[in-house]
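In what follows, a single structure is set out as structure tokens and then discussed.
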Amino acid sequence: MSILLGFAARHQNAKDPDVKNFNRLARLDEYLKLPENEVVERILSKKAELGKRLIILGHHYQRPRIARLSDFVGDSFGLSEKAAKAGGDFIVFCGVRFMAESAAILCQPHQKVLHPDPDAGCPMADMANMDQVNAAWKALENWTGSKKIPVTYMNSTAELKAFCGQRDGIVCTSSNAAKAFDWAFSRGEKIFFFPDEHLGRNTAKKMGITGADVVVWDPAKTNGGLSQDEVKRARVILWAGFCPVHMEFKLKDIQHVRHFYPGCKVVVHPECEKEVVDAADASGSTEFIVKYVAELPDGETVFVGTEVNLITRLAQDNPRKKVFKLQRSLCLTMYQINLANLAYTLDHLDELEPVELSPSVKAGAKTALDRMLQLV
Ligand code: 13P
Ligand code: SF4
């Protein structure tokens with residue numbers, strides 16, 4: 001008997017959250033021991049049995065096997081649109097927690113959203129919490145009377161989305177950040193953007209906003225490390241958060257590949273630092289990157305600066321092009337979703353707990369997400 005099964009057998013109180021989690025892990029242990037083809041068979045037969053009652057949504061960073069078993073694969077924006085329109089009873093979300101939460105906020109009340117690994121969060125989303133953002137907001141309110149619009153990146157907790165919804169703010173993704181900034185500037189004089197400093201800076205630059213007009217609020221510093229004058233002058237106040245996966249890509253990587261592969265193309269995600277985005281041929285959301293590579297002429301060489309599982313799939317799907325990674329950078333929490341926990345989730349759809357949020361958080365976050373979905 002494995003250690004996990006032993007633990008579960010000794011602890012019978014199924015209501016204790018720790019015990020529940022161990023029971024889940026113990027049963028998952030059995031799935032992890034099954035041969036891969038058997039696990040795939042189980043997933044396929046469950047999909048066939050449930051038909052339209054089930055939709056599996058997968059983010060582009062999922063392992064290729066998971067992406068190919070998903071009914072829809074997309075970027076954060078496409079997935080949120082799909083969740084808002086999906087039919088059926090069960091939405092199984094293969095991605096990280098903020099994505100599953102957004103699906104739970106946007107889906108219909110009778111639908112159940114399940115996340116194959118409820119522990120799979122996004123390190124960047126965890127870089128801004130409600131207390132920190134509240135404290136920053138209060139300080140900014142004290143320092144300047146100008147109207148500020150809070151804009152949160154999709155990669156944030158549902159509470160922060162609700163914070164924006166309740167304060168005339170909005171959610172954005174990497175595919176509509178400039179539209180969201182335009183929307184915000186038509187309603188206020190300053191934008192307070194969290195948690196990704198780099199997407200914020202790259203978006204501001206796209207709109208011609210640079211220099212002292214952009215400042216960074218660092219929650220680890222007193223008063224965010226800013227003076228009242230700096231805040232008064234700024235048009236965009238960014239949060240000092242970042243994606244560890246995209247921080248791996250450096251300007252020297254682009255200089256290196258351009259030197260050894262003259263004429264190659266470089267496409268990166270806008271969560272990369274500004275100097276990386278500036279040096280690339282193009283930047284955009286994961287869906288943008290997929291289309292960019294698909295539209296390149298045959299024979300082209302392209303280096304991609306984003307999560308490695310997407311690049312692996314891009315290379316498989318574009319055999320007539322030379323698709324390379326700029327660096328190998330893996331999103332560990334996206335990788336927590338695997339065939340075993342997907343199969344386990346599908347086999348226990350009725351008994352597993354859905355992704356759940358309090359009604360007030362859900363309502364506030366929905367307001368901010370709906371504003372994003374209405375952007376044209
Ligand atoms: P996309 O919205 O571009 O898919 O990005 C999500 C993400 O987590 C990137 O790191
Ligand atoms: Fe979060 Fe970065 Fe992973 Fe995207 S790639 S989910 S931003 S840690």
Side-chain angles (χ1 to χ4, degrees), residues 57-63 66-67 70 72-83 93-103 106 115-128 151-157 160-161 170-180 193-200 202-203 206 239-249 267-273 276-277 280 282-293 304-314 325-337 369 372-373 375:
L57 300 180
H59 184 261
H60 280 308
Y61 292 162
Q62 289 297 294
R63 301 158 190 248
I66 299 282
S70 300
F72 176 83
V73 186
D75 64 5
S76 306
F77 180 71
L79 288 162
S80 62
E81 266 193 324
K82 204 74 186 174
F93 206 108
C94 298
V96 286
R97 187 183 311 120
F98 74 81
M99 297 179 173
E101 279 181 353
S102 299
L106 292 167
H115 190 198
D117 186 348
D119 293 329
C122 160
M124 180 212 280
D126 293 340
M127 288 179 195
V151 180
T152 188
Y153 189 23
M154 183 67 117
N155 302 34
S156 59
T157 62
L160 290 185
K161 292 183 177 78
I170 192 165
V171 176
C172 75
T173 72
S174 58
S175 67
N176 54 28
K179 279 187 200 165
F193 180 72
F194 38 86
D196 188 12
E197 174 183 339
H198 303 290
L199 175 66
N202 289 320
T203 307
K206 232 183 188 177
W239 192 262
F242 58 89
C243 164
V245 175
H246 289 92
M247 292 302 282
E248 289 293 315
F249 304 104
V267 59
V268 301
H269 194 278
E271 285 173 15
C272 294
E273 291 167 282
V276 173
V277 170
S283 70
S285 78
T286 53
E287 184 66 22
F288 171 90
I289 293 173
V290 169
K291 291 198 174 120
Y292 181 88
V293 174
V304 185
T306 198
E307 208 275 344
V308 67
N309 280 287
L310 171 56
I311 306 172
T312 304
R313 197 158 48 88
L314 283 173
K325 43 193 173 294
L326 198 52
Q327 273 290 346
R328 188 182 189 282
S329 195
L330 170 79
C331 178
L332 284 168
T333 48
M334 285 279 181
Y335 202 65
Q336 279 177 233
I337 311 299
L369 280 163
M372 174 190 80
L373 291 172
L375 288 173

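Both ligands and their constituent atoms are indexed starting at 1 by order of listing.
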Is it true that a side-chain atom of N176 and a backbone atom of C172 form a donor plus acceptor pair closer than 3.5 Å?
-> no
Any sub-3.5 Å donor-acceptor pair from W239's side-chain atoms to M127's backbone N or O?
-> yes
Specify the closest pair of heavy atoms between D196 and G241, including all atoms of both residues, with the distance to one decimal.
-> OD1-O, 3.5 Å
Within the side chain of T333, is there an N or O that forms a donor-acceptor pair under 3.5 Å with the backbone of G121?
-> yes
Between N309 (side chain) and Y335 (backbone), is there a donor-acceptor pair under 3.5 Å?
-> no
Quick one: are F77 and M372 in side-chain contact, heavy atoms under 4.5 Å?
-> yes
Verify, without hydrogens or angle tests, whether S329 (side chain) and H246 (backbone) share a donor-acceptor contact under 3.5 angstrom.
-> no
Write out the protein residues near ligand 1, meaning a non-hydrogen atom under 4.0 Å from one of its atoms, in order of chain and number.
-> H59, Y61, D75, S76, N155, S174, H246, H269, E271, S285, T286
So do Q62 and S70 actually touch side chain to side chain, heavy atoms under 4.5 Å?
-> no
Proximal protein heteroatoms (N, O or S) of atom 2 (Fe) of ligand 2, under 2.8 Å = C243 SG
Taking the side chain as every heavy atom from C-beta outward, state whether R313 and H60 have any pair of such atoms under 4.5 Å apart.
-> yes
